[in-house]
Amino acid sequence: DGEVYKYYADGEWKKSASGKSVSIINPTTRTPQYMVQACTQEEVNKVMDAAKAAQKLWARTPLWKRAEFLHKAAAILKEHKNPIAECLVKEIAKPAKDAVTEVVRSGDLVSYTAEDGVRILGEGKLLVSDSFPGNERSKYCLSSKVPLGVVLAIPPFNYPVNLAVSKIAPALIAGNALVLKPPTQGAVAALHMIHCFHLAGFPKGLISCVTGKGSEIGDFLTMHPGVNCISFTGGDTGIAISKKAGMIPLQMELGGKDACIVLEDADLDLVAANIVKGGYSYSGQRCTAVKVVLIMESVADAAVEKVKAKMAKLSIGPPEENCDITPVVSESSANFIEGLVMDAKQKGATFCQEYRREGNLIWPLLLDHVRPDMRIAWEEPFGPVLPVIRIGSAEEGVHHCNASNFGLQGCVFTRDINKAMMISDAMETGTVQINSAPARGPDHFPFQGLKDSGIGSQGITNSINMMTKIKSTVINLP
Ligand code: G3H
């Protein structure tokens, strides 16, 4: 109806003084669905000032009270799961059922963070001096965790709610203020989620959500002197942010090219089920999706047949109908995926299905006999297209995995736990899953990438710790 969603600052919903808006294109209809405010740099400055002031008081609010606010927000978030999920369907074409799951998972994440926070942050440390050579027992060092200040959270389009709360909740429980810059696709779902925090009654200015064009406020936010920590999930932009950001803690989760190594003794039904789930859920638009299958030649034909049979059962269509494969987020993304497919075609990959695309909707595709000279062997399609590379040994698989510039997760399928452990040790990735597809969750597990896949470690406990610093007080006896 032409209404522009307001941004959130100082505990209120506001229109930007820019008078401009950013429109959000529905990936399915490819027409504008929603509009959000195009905030100005001046508005960002005001948000930062308010955050700083609110944080001072929040840090002194008892930990159990901070936890209570979060529990309240979690409950409200779950109550609002349907309208938020509806936005996810319209903005990012997430299948309806998965959209509801994302919101419920987010509520659980917020509650768990509140519980974990009271335990972790409720503990400090006492050191005495006489353990270090030359010292008497005359100094007592008390240390505890204190907040960093203002945390800037930048989540990606594929989990605009869950990957926002995975930054918001740890920041808040630890006593920080939080500024959220949601992705454009997913901004309205994020604003709805922020409304739940608003209803929970957090102090004014402590949480804000600014929307707008990256070209106008992107660098301005990430290089803002008022920001004391950045938690970012997304693509290459994260590398640019890391180079420009000041001397502040960074938590970055960027791309991945998660390998699935299949050995000769693997359970091929389990392999096929995990390749289909890992490769094609949310149309491959997950940083932890299986992005290359490295399979022993001797079992490759049998496994590929099983994967093809399962793929034939995937439903393809609009997210409202809960289809397994839905349109990818944007036309440019679909074009990029198509470019990888055409490159593989030209270089002689075997197409297990016919390539088909209508608008942003790309039919699931398995490419067999992919070779290292094809772009798809190395690049991340972020779409429902998966390459299979046949290998002659486990070492060859590990070698391909480690030659990637990414190192997020990987997985290995075998019935031999000794081999699995050796391969896990050899794979240069943040996590290796044995006999299951890569995944970030459960959300309290550590989650980290090596190389271009990121900096730092996430997961609830790690994020809480990362968003604090150690403060010591030393008592000196006469
Ligand atoms: O897209 C990146 C997410 O961190 C992946 O999360 O494994 O729960 O899909 P997920």
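Sequential numbering from 1 along the given sequence is applied to the chain's residues. Whatever order the structure lists them in is the order used to number ligands and atoms, beginning at 1.
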Can you tell which part of [X] has a heavy atom less than 4.0 Å from ligand 1: side chain, backbone, both or neither?
X: Arg105; result: side chain
X: Gln285; result: neither
X: Phe447; result: side chain

Considering heavy atoms of the protein only, find what lies nearest to [atom] and give residue, atom and distance to 0.1 Å.
atom: atom 3 (C) of ligand 1; result: Cys287 SG, 3.0 Å
atom: atom 10 (P) of ligand 1; result: Tyr159 OH, 3.4 Å
atom: atom 4 (O) of ligand 1; result: Arg440 NE, 2.7 Å

Ignoring hydrogens, what is the shortest heavy-atom contact between Arg357 and Ile362? Give both atom names and the distance. CG-CG1, 4.0 Å
Closest heavy-atom pair, Gly449 versus Leu408, reported as atoms and distance to 0.1 Å, is CA-CD1, 3.8 Å
Please identify which atoms of ligand 1 are closer than 4.0 Å to at least one heavy atom of [X].
X: Asn158; result: 1 (O), 2 (C)
X: Arg286; result: 1 (O), 7 (O), 9 (O), 10 (P)
X: Thr288; result: 5 (C), 6 (O), 7 (O), 9 (O), 10 (P)
X: Glu253; result: 2 (C), 4 (O)

Tell me, yes or no, whether the heavy-atom count around Lys97 atom NZ, taken from other residues, nucleotides or ligands under 6.0 Å, exceeds 12. no
Taking atom CG as the centre, does Asp236 end up with more than 12 heavy-atom neighbours from other residues, nucleotides or ligands that are less than 6.0 angstrom away? no
Is the Lys NZ or Arg CZ of Lys94 less than 6.0 Å from the centre of Tyr159's six-membered ring, within 45° of the axis? yes
Aromatic plane relationship, His224 with Phe220 - under 30° parallel, 30 to 60° tilted, over 60° perpendicular: perpendicular
Is it true that the side chains of Lys145 and Thr468 contain a donor and an acceptor less than 3.5 Å apart? no
